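Right, one structure below, let's go through it.
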Amino acid sequence: MSTGITRRTEDAAARAFWDGLRRSTQARIGLGRTGDTLSIAEVLEFRAAHAAARDAVHSPLHVAGLAAEVAALGLGEAVHVRSLARDRSEYLRRPDLGRLPGSAVAAREEGIGAANSAGGHTIWSGAGARGAMSAVPHSGADVGFVLADGLSPRALADHGVPMLAALIEALGDRYTVAPPVIATQARVALGDHIGAALGVGMVLVLIGERPGLSVADSLGIYLTHRPRPGRADSERNCVSNIHPPEGLSYARAARVATGLVDGARRLGRSGVDLKDTSGGKTLVSEASPEAPGLGHALVSDAKGD
């Protein structure tokens, strides 16, 4: 009898210990067991999270709907730019194609069912980027915004517009802003081509980050000063893990990004030489396209490419 009471007491203490740790992380820790394997509940939760991550990668972005939401912010009519990746399968197999422009068209010309595909007036770039970018207006503004589906179109659909609104508010009237661009089948470096076509001093790419088993709708902001094709990952800064309420809030991400914009203008460049001190401490610079992003804000090109 005493052995049973002791075991129940130990189990309760273990649950209390792991419950305390779980409040500080979304990682799967202290998982229960049934004999030598995980409990049915844990297996089902894992499968559900895996399915959510797969759905986040493969679900198409509703371009026309997103364009209408963006238009309500008063930034002008959005242009839709597609990468050279012809479909999602090719996008996932050929990351290099996602970094190059393939076509551009006014986002309002997208049909309701034409998610992730170009409308009837698509401009193809047979010879390269100039043809694809001809529909992108040259603005000469201080800042340009690219809303890119990346590896999680769901993240852009859920967080893109409120994040953009927070950025516009944080930037205030200190910077001129170009008309927004929506990019599909897009990797981070596609923003370099778009930023150069817009003629902006800085481009901020809001992109869906690589889904994981804890978070499937995380958004990242990638900043590049004086964008042009050929920029290296080390020449960018990133604010990662934006997905309130569990991740970074829109307001906090906007403060960090605005601080980086201000710093890039003063420094004359972005990337490893630019540090964010908006939270009272310097964030470490990295440039590892394959490593997963950790923490609330990182200077890297981690999960969006």
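Predicted model only: the values in this text are computed from it and were never measured.
- Residues Leu151 and Leu213 do not share a hydrophobic cluster, defined by chaining ILVMFWY side chains whose heavy atoms lie under 4.5 Å apart.
- Counting heavy atoms from C-beta on, the side chains of Val63 and Thr184 come closer than 4.5 Å.
- The shortest non-hydrogen separation linking Glu90 to Asp87 is N-OD1, 2.8 Å.
- The ring pair (Phe, Tyr, Trp, His ring centres under 6.0 Å) contacts involving residues 198-221 comprise nothing, where partners must be two or more places apart or lie in separate chains.
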Walk me through it: do Leu206 and Leu167 pass the test side chain to side chain contact (heavy atoms under 4.5 Å, CB included)? CA-CA 11 Å; Leu206 283 62; Leu167 285 167; 3.9 Å; yes

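- Side-chain contact check for Leu92 versus Val57: some heavy-atom pair is nearer than 4.5 Å.
- Listed here is the closest heavy atom pair of Ala178 and Gly144: CB-CA, 4.2 Å.
- Checking His225, Met202, Arg231 one by one against Ser270, the side-chain contact (heavy atoms from CB on, under 4.5 Å) holds for a single residue, His225.
- Here the CG-CG distance, from Leu66 to Leu61, works out to 5.5 Å after rounding to the nearest 0.5 Å.
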Give the C-alpha distance, both sets of side-chain angles, the deciding distance and a yes or no for side chain to side chain contact (heavy atoms under 4.5 Å, CB included) between Leu260 and Val239. CA-CA 9 Å; Leu260 291 171; Val239 183; 4.0 Å; yes

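- Looking only at side-chain heavy atoms (C-beta outward), Val146 and Leu190 stay at 4.5 Å or farther from each other.
- Atom CD1 of Ile182 is separated from atom NE2 of His62 by 11.0 Å, given to the nearest 0.5 angstrom.
- Closest approach of Leu198 and Pro137 over heavy atoms only: CD2-O, 3.3 Å.
- A distance of 10.0 Å separates CG of Leu204 from CG of Asn237, quoted to the nearest 0.5 Å.
- Scanning both residues, Ser240 and Leu248, for their nearest heavy atoms gives O-CD2, 3.9 Å.
- Residues in residues 162-185 take part in no ring pair (Phe, Tyr, Trp, His ring centres under 6.0 Å) pair, two or more places apart or across chains.
- Applying the salt bridge (Lys or Arg N to Asp or Glu O under 4.0 Å) rule to pairs touching residues 150-159 yields Arg154-Asp158, sequence neighbours excluded.
- Remark: side-chain polar atoms of Thr224 are not paired, donor with acceptor, to backbone N or O of Pro227 under 3.5 angstrom.
- Once rounded to the nearest 0.5 Å, the distance linking CD1 of Ile221 with CD of Glu209 reads 9.5 Å.
- Without hydrogens or angle criteria, Ser218 side chain to His243 main chain gives no donor-acceptor distance under 3.5 Å.
- Remark: Thr176 pairs with Asp142 by the side-chain hydrogen bond (donor to acceptor under 3.5 Å, both in side chains) rule, at least two apart or across chains.
- Around atom CZ of Arg228, more than 12 heavy atoms belonging to other residues, nucleotides or ligands sit under 6.0 Å away.
- Not counting sequence neighbours, His138 has no partner by the side-chain contact (heavy atoms from CB on, under 4.5 Å) test.
- Scanning all heavy atoms of the two residues, the minimum distance from Gly150 to Pro153 falls at O-CD, 4.2 Å.
- The closest donor-acceptor contact from the side chain of Tyr91 to the backbone of Leu97 lies at 3.5 Å or more, if one exists at all.
- Hydrophobic cluster membership of Val215, counting Ile, Leu, Val, Met, Phe, Trp and Tyr whose side-chain heavy atoms lie under 4.5 Å apart directly or via other members: none, as it forms a cluster of its own.
- Formation of a donor-acceptor pair under 3.5 Å by the His159 side chain with backbone atoms of Asp217 is found in this model.
- Considering CG of Leu274 and CZ of Arg265, their distance stands at 13.5 Å, rounded to 0.5 Å.
- Within the 4.5 Å cutoff, the side chain of Leu100 has heavy atoms near those of the His193 side chain.
- Here the closest non-hydrogen pair linking Gly208 and Leu219 is N-CD1, 4.0 Å.
- Looking at residues two or more places apart in sequence or on another chain, you find a side-chain hydrogen bond (donor to acceptor under 3.5 Å, both in side chains) between Arg93 and Ser89.
- Using a 4.5 Å heavy-atom cutoff, the side chains of Arg99 and Leu84 are not in contact.
- Contacts classified as salt bridge (Lys or Arg N to Asp or Glu O under 4.0 Å) and involving residues 192-207 (residues at least two apart or in different chains) are given here: Asp192-Arg236.
- In this view, Arg255 satisfies the side-chain hydrogen bond (donor to acceptor under 3.5 Å, both in side chains) rule with no residue, not counting sequence neighbours.
- For Arg226, there are no side-chain hydrogen bond (donor to acceptor under 3.5 Å, both in side chains) partners at least two apart in sequence or on another chain.
- Remark: Ala170 engages Ala254, Thr258 in a side-chain contact (heavy atoms from CB on, under 4.5 Å) (not counting sequence neighbours).
- Leu38 meets the side-chain contact (heavy atoms from CB on, under 4.5 Å) test with Leu31, Glu42, Val43; sequence neighbours excluded.
- Pro101 is not listed as a side-chain neighbour of Ile194, based on a closest heavy-atom distance of 4.5 Å or more.
- Val161 has its side chain within reach of Val70: a pair of non-hydrogen atoms, C-beta onward, lies under 4.5 Å apart.
- Taken from CG in Leu73 to CD in Glu169, the straight-line distance is 11.5 Å, to the nearest 0.5 Å.
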